[in-house]
Amino acid sequence: MEKGTHFFEWQARRLDGAEFPSTVLLTRMELKGKPYLLCTQRDITQQKKAEKALRETTAQLIQNEKMIALGELSAGVAHELNQPLNIVKIICQDVLRDIEKDRFSQETLVADLKETVDQVKRMASIIDHMRIFTRRSVGEPESVDVNEAVEGILKLLGRQLRVHDIEMGKELTPDLPRVLIDPIRLEQVLMNLINNARDALEKSGREEMKIEISSYFEEVEGEKEVTVTVKDNAGGVPKNIRERIFEPFFTTKRPGRGTGLGLSVSSKIITDVDGRIDLEVEEGMGSTFKVVLPVKKEGADNGEGADNRG
């Protein structure tokens, strides 16, 4: 064994044969010219139980935030589904009318059926997306195109923002490197940031309300990063609360409008994949939240991944 200290976890066994998790600290040293190996072992059974409980609690908090967000989405999604449903209804009425008046045309019928199929696919896409979003289990990180995540969440939120007279702009850089994260959790983060921007805009009382979302790639001090930004023109997060906005249960919303967990859970989701959420404020103008994600190879754990574009 090389000189120095070596630390690792070890599945140990008691005298009765029962196994238990432990940490082992090995130190090679010399005493009066003779080599010695000092071994210190610690039972970490309770620590592992506490870590498991923390993971389960975090998963529950994430699920709660998702359900709160979905509750806010319900009206908007209903409108999104209502439009294609009305189109299908009109097409069916037209086909029945043509049949009754003996104006049946195979060419027209084929065109109507194709349009009906397109509208059904649109509705199915929205429903499938919501079903996936509500799943309870936390998925493993996978190779994700952040632009697809942005488009997915805008599909759910677009109508809701229009109902609130909020203009939604986007500027997505194509062919970004892919990042490793659970795509549904990334969408949850984006949903929280967009909903927070919406609430801030409504509270600001501004006549022109706008949210802009963008994505880009950059290399900072040798580290490759993909960034998604959510920017609003609500005047900016007040200076006296900027350092607290990521604290659990901290909220400026009135009772019943927020749990104070959205940003803290979002931050946890991003830091779990070695990313970060930054806040930039233009006084009197607005706030920009930046979701910064490292570019990694699938299966890598040290951030030394290649630039996996596509």
Side-chain angles (χ1 to χ4, degrees), residues 1-2 4-29 36-71 131-144 149 179-193 196 243-251 255 258-278 291-294 296-305:
M1 179 184 293
E2 297 179 0
T5 300
H6 301 267
F7 181 82
F8 55 91
E9 289 192 9
W10 180 261
Q11 197 69 11
R13 190 184 301 273
R14 295 189 174 88
L15 293 177
D16 61 3
E19 292 187 343
F20 66 96
S22 68
T23 56
V24 178
L25 179 65
L26 296 177
T27 304
R28 186 173 180 178
M29 55 189 296
Y36 288 89
L37 185 63
L38 178 63
C39 177
T40 304
Q41 187 175 27
R42 185 169 69 91
D43 185 340
I44 57 171
T45 301
Q46 295 305 316
Q47 177 184 323
K48 288 295 184 181
K49 288 182 179 179
E51 290 174 354
K52 181 181 178 181
L54 179 60
R55 286 194 300 269
E56 292 174 349
T57 300
T58 300
Q60 183 62 52
L61 290 176
I62 291 172
Q63 181 67 14
N64 290 346
E65 278 298 308
K66 284 165 62 175
M67 298 313 296
I68 290 170
L70 282 168
R131 184 168 62 245
I132 294 170
F133 191 84
T134 56
R135 72 184 185 190
R136 181 177 179 82
S137 60
V138 177
E140 292 297 323
E142 59 184 80
S143 181
V144 172
V179 298
L180 286 179
I181 190 171
D182 176 1
I184 303 303
R185 297 184 77 180
L186 175 58
E187 287 188 15
Q188 182 183 347
V189 171
L190 297 176
M191 176 182 285
N192 179 264
L193 295 179
N196 282 351
E243 294 184 358
R244 298 193 60 198
I245 58 174
F246 291 104
E247 292 180 7
F249 305 107
F250 177 78
T251 181
T259 62
L261 291 171
L263 282 176
S264 62
V265 168
S266 295
S267 179
K268 179 70 167 57
I269 289 172
I270 299 304
T271 56
D272 277 350
V273 293
D274 300 325
R276 67 183 188 278
I277 299 181
D278 296 332
V291 180
V292 184
L293 296 163
K296 295 181 179 182
K297 283 183 179 179
E298 197 159 5
D301 59 2
N302 56 6
E304 297 176 357

Practice item. Considering non-hydrogen atoms only, spot the tightest contact between T45 and P21 and give its length. Key: OG1-CD, 3.6 Å

**Study point:** Nearest heavy-atom neighbours spanning E187 and A149
**Key:** CG-O, 3.7 Å

Practice item. Answer yes or no: is there a side-chain heavy-atom contact under 4.5 Å between V273 and R185? Key: no

Study note, to complete from the structure: Between the CG atom in N196 and the CG atom in L263, the distance rounded to the nearest 0.5 Å is 5.0 Å

Point to revise | Test item: T23 and Q47 side chains (from C-beta on) under 4.5 Å apart, heavy atoms | key: no

Exercise for review: To the nearest 0.5 angstrom, please state how far the CZ atom of F20 sits from the CD atom of Q11.
Suggested key: 8.5 Å

Practice item. Might you point out which heavy atoms bring E19 and R14 nearest each other, and give the distance in Å? Key: O-NH1, 4.1 Å

Check your understanding: Minimum heavy-atom separation for R276 to I270, with atom names?
Key -> N-CG2, 3.2 Å

Review point. Below 4.5 Å, heavy atoms only, C-beta onward: do S266 and I277 meet side chain to side chain?
Key: yes

Review point. Can you check whether K48 reaches E51 side chain to side chain, under 4.5 Å on heavy atoms?
Key: yes

**Study point:** Minimum heavy-atom distance S143-L180, with the two atoms named
**Key:** N-CD2, 3.6 Å

Practice item. With rounding to the nearest 0.5 Å, note down the distance linking OG1 in T27 to NE2 in H6. Key: 8.5 Å

